[in-house]
Amino acid sequence: MSILIDKNTRVMVQGLGRDGSFHAKLMKEYGTNIVAGVHPGKGGSTCEGFPVFNTAADAVRETGAECGVLFVPAAFAADAILAAANAGAKLVVAISEGIPVLDMTRVVSELNQLGTLLVGPNCPGLISPGKSMVGIMPGRIFKKGRVGVISRSGTLTYEVVNQLTAAGFGQSTAIGMGGDQVIGLKYNDYLELFEKDSETEAVIIVGEIGGTDEQDAAAFVKEHLTKPVVGYIVGRSAPPGKQMGHAGAIISGAGSTAADKVAALREKGVPVADTVEQIVDLIRERLGGSN
Amino acid sequence: MKLEEFQAKRLYADFGIPVTEGILITDHAHAKAAAEKVGLPVVVKAQVQAGGRGKAGGVKLARTHAEVVEISESILGMTIKDLLVERVLIDPAVAIAGEYYIGITVDRRKKLPVLMASAAGGVDIEKVAAETPEKIIFHPINPERGLRPFEAKQVAFKLFTDKKKALAAAAIMVKLWCCYRDTDASLAEINPLVELEDGSILAIDAKVVLDDSALYRHPDLEKLRIATPNEEKELAAKAMGLSYVQLDGEIGCMVNGAGLAMATMDVIKHLGGTPANFLDIGGSSSSEKVVYAMKLLVSDANVKAIFINVFGGITRCDDVARGLVQALEQINTDLPFVVRLTGTNEEEGRKILADAGISATSDMTGGARRAIALAAGEEAVE
């Protein structure tokens, strides 16, 4: 098992510009089951062996695509998410960065009504190693295994995963949930899925400054998880009021500092690592040996 | 992007929100004329993008023309939270009977805009939120339907018992929503919203933060930007596709990815060093970006050593290596640096560096430790 995606997940790539085509190729090489591309004006052509359609509705109808992955410029991305959801996609993965917050509040409201799940936006996507990669993650550093990873970041996820893999701990599914203020699925949604997933034996939460999602996750872990969870929070040295790259990574309001989040996790019994190396140590203590 | 008070008030006035109408001056020589137009008494208010202006002595009442000039002269040129005051607003002083708070922002947890209102106005609302959250009314707004008059009235009647005042406040709330929506703000706040002795309701302060991601569709608002010197550096970096925030430590950091950049700062601090900056060179890092980033770090006089930490995903190590070699050819610097390189095209990257006589580590914590030692003037131990 794994969560959200596996080798059968039928994926359509929305936006086949420079980035979209490049990553479509990498996803296909990884083994992702890409069934369609969507690009207005390129309908009827093919890309990397899969058919391209003008609209998400055509792609879903013709190929049964169930997951859309977006490489659409920010100005058009909110609409593309809605296009995929309204066409019937059950899961949308929005890589695009810079979607206006107000647009995202509208998108999320509509997706809730449609019952479509959203990963991102402003994220590297997700991977179930050995099965499917939907997004822009470097597949070779991942290894099939029993640790679930949920992160607000991209390269930091790779850093964590690389050290996990080097230490022999593979991953069931690793998710970059997005660095924006308003995102689709959050820690708790993924934690619930990991708790139910028979392949996952431990979960790592990689958090950062801004918002209070880590506090929510801490409470959720204490209440609902039987599997061990390990935390890691970055931005301990970030100044208040400054956005640190990610639109959502800003210390503003109660609970948004790294110290607040570390304290909340520890209070609910979730150990928090000070460095990436310590994450691996904490996982080893909980799972014993290696995978 | 933050607006200053005078800009936010003009914006509010455009949306029909009653605000005190003051006059902006940049020279105390114009203070008397401004006060004559506005009418005494006046409040002289420093215009900077920082909270706590009053506490810092940047907001003062003036009863005479002589006082207006004297106070304007003392506030112009002062610094508040490291920001130089270059403008003051000469605002009419009003007879306040009550102070309230209203604001609209995004509720990250509910993933919706939210109207916040409180009878505890005129004070730091974050403090109220932290200490006595029950004093704040939170009303989520459906972004499609917007804040409708009946909803605003529900909130307003919790603040005011008097019908006339409640309806006036409700109308302001709806207009504040329209402003928030139409400008793509991430925060639109009135603190305080005041009740005057004659019973009218008025905004005497205003705070607006615009969503940077939405500025592309508001070129008129983008023009309002007043950048501080640090922001100018950050904006110039942004135009190059870099995300930069200056801090005051000694280790200059160049990293790909925001999360890894924060982790890099943290590990430096964890090991006893001080990061000089946050710098994310982004996903598809071209050589030009790396050259620009190096120049940026070298231009910071506090920097004593540089730590380049790259985990190649979309970013290719060879691109970074090439940029680094180019940068060192162009920049004349004695600053010591440490390169950590791993991930996509690592071997090619290492070869490019080796050809230029530069070695790279693959260990982030070890690299940070070495950068700290170099900054302290210690010889690097391989």
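Order of the sequence lines fixes the chain letters, A, B, ..., with proteins taken first and strands second; residue numbering starts at 1 for each chain.
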Name the region of [X], side chain, backbone, both or neither, that has any atom closer than 4.5 Å to a heavy atom of chain A.
X: Leu112(B); answer: both
X: Arg181(B); answer: both
X: Asn277(B); answer: neither
X: Asp211(B); answer: side chain
X: Asp212(B); answer: side chain
X: Phe311(B); answer: both
X: Lys111(B); answer: both

Give the interface residues of residues 154-163 of chain A toward chain B, defined by a heavy-atom separation under 4.5 Å.
Thr155(A), Leu156(A), Tyr158(A), Glu159(A), Asn162(A)
For [X], which atoms come within 4.5 Å of any heavy atom of chain B: side chain, backbone, both, or neither?
X: Ile141(A); answer: side chain
X: Val182(A); answer: side chain
X: Glu208(A); answer: side chain
X: Pro100(A); answer: both
X: Gln243(A); answer: both
X: Val108(A); answer: side chain
X: Thr105(A); answer: both
X: Leu26(A); answer: neither
X: Ala75(A); answer: both

Who among [options] has the most heavy-atom pairs with chain A under 4.5 Å?
options: Ala263(B), Ala185(B), Ser186(B), Ser243(B); answer: Ala263(B)
options: Asp266(B), Leu247(B), Ile125(B); answer: Asp266(B)
options: Lys2(B), Glu234(B), Lys110(B); answer: Glu234(B)
options: Leu260(B), Asn142(B), Thr342(B); answer: Leu260(B)

Can a donor-acceptor pair be found between the side chains of [X] and [Y] at a distance below 3.5 Å?
X: Asp216(A); Y: Asn188(A); value: no
X: Glu277(A); Y: Thr365(B); value: yes
X: Glu250(B); Y: Asn302(B); value: no

Which heavy atom of Val106(B) sits nearest to which heavy atom of Val114(B), and what is that distance?
C-CG1, 4.4 Å
Is it true that Asp184(B) and Arg217(B) make a salt bridge, defined as a side-chain N closer than 4.0 Å to a carboxylate O?
yes
